[in-house]
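Let me begin by presenting the structure, written as structure tokens, before commenting on it.
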Amino acid sequence: GNSVTQMEGPVTLSEEAFLTINCTYTATGYPSLFWYVQYPGEGLQLLLKATKADDKGSNKGFEATYRKETTSFHLEKGSVQVSDSAVYFCALRVTNAGKSTFGDGTTLTVKP
Amino acid sequence: DAGVTQSPTHLIKTRGQQVTLRCSPKSGHDTVSWYQQALGQGPQFIFQYYEEEERQRGNFPDRFSGHQFPNYSSELNVNALLLGDSALYLCASSAQLANYGYTFGSGTRLTVV
């Protein structure tokens with residue numbers, strides 16, 4: 001079956017530090033990959049996506065590259081801000097509009 | 001443009017009771033998926049509705065049922081509530097023919113006592 005594994009948290013960084021959150025996946029077929037962010041008390045928001053190998057998704061300074069050879073989709077940001085503190089979820093979807101499989105989330109705390 | 005709207009935001013029920021949660025999808029979206037998110041975990045897929053039919057179902061018992069209306073809004077029903085059903089229930093909408101991510105609602109926090 002399909003599965004997503006994220007690096008365990010929590011992750012605590014100082015403002016302006018470099019961020020990497022690891023995500024690897026197992027899937028049948030050729031999945032689309034997503035990163036979602038969840039702020040306290042809210043639902044998930046789509047952060048970025050990539051639909052095929054070697055695609056790079058980017059948004060709000062965050063980036064992730066779809067690596068088929070290593071089945072990975074690591075999230076990176078060059079300089080984090082306090083406002084980036086949230087829970088980040090990696091997810092995959094095999095078919096258009098089909099169900100998504102989520103990782104367990106990684107909690108990021110950025111301190112001033 | 002309103003996003004996904006869920007109601008109620010919070011709910012407390014007693015074991016054995018039944019509950020109905022409601023969702024209005026984002027304008028232009030025709031597909032509604034429901035997820036259960038336990039504390040500290042990622043969302044788990046319950047089922048998906050498109051054209052008023054259940055199209056996919058996750059590993060949830062028959063106590064979980066749903067419905068989609070002609071205006072694309074949806075309901076999630078849970079019968080015979082258990083303490084373990086306490087969770088955040090998320091509704092996510094999407095367009096069937098488009099390959100982009102979900103738009104999520106803020107969820108309904110269900111507590112079973």
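First the proteins, then the strands, lettered A, B, ... as listed; each starts at 1. Note that the structure is a prediction, hence the values are computed from the model and not measured.
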Subject >> Verdict with supporting geometry, A:Asn22 and A:Ser72, side chain to side chain contact (heavy atoms under 4.5 Å, CB included) >> reply: CA-CA 8 Å; A:Asn22 290 338; A:Ser72 65; over 6 Å; no
Original post:
Where on A:Gln6 is there a heavy atom nearer than 4.5 Å to chain B: the side chain, the backbone, both, or neither?
Top reply: neither
**OP:** Heavy-atom distances under 4.5 Å only: say whether B:Gln37 touches chain A with side chain, backbone, both or neither.
**Re:** side chain
Original post:
Would you call B:Asp85 and B:Lys13 a salt bridge, taking side-chain N to carboxylate O under 4.0 Å as the test?
Top reply: no
Original post:
Can you tell me how far CG of A:Leu33 sits from CZ of A:Arg93, rounded to the nearest 0.5 angstrom?
Top reply: 10.5 Å
Subject >> Side chain / backbone / both / neither for A:Thr107 at chain B, heavy atoms under 4.5 Å >> reply: neither
Original post:
After noting the C-alpha distance and the side-chain angles of A:Glu63 and A:Lys56, does the key distance pass the side chain to side chain contact (heavy atoms under 4.5 Å, CB included) rule?
Top reply: CA-CA 7 Å; A:Glu63 294 182 339; A:Lys56 176 184 283 188; 3.7 Å; yes
Original post:
From A:Glu16 CD over to A:Lys77 NZ, what is the distance, rounded to the nearest 0.5 angstrom?
Top reply: 11.0 Å
Original post:
With a 4.5 angstrom heavy-atom cut-off, which part of B:Tyr35 approaches chain A: side chain, backbone, both or neither?
Top reply: side chain
Subject >> Within 6.0 Å of CZ in A:Phe62, more than 12 heavy atoms from elsewhere >> reply: yes
Original post:
Which residue pairs pass the disulfide (SG to SG under 2.5 Å) test with at least one member in residues 17-64 of chain A, sequence neighbours excluded?
Top reply: A:Cys23-A:Cys90
Original post:
Which of residues 104-111 of chain B have a heavy atom under 4.5 Å from any heavy atom of chain A?
Top reply: B:Phe104, B:Gly105, B:Ser106
**OP:** Check each of A:Tyr88, A:Tyr36, A:Phe34 against A:Phe102 using the ring-ring contact (aromatic ring centres under 6.0 Å, His included) test, and report the only one that passes.
**Re:** A:Tyr36
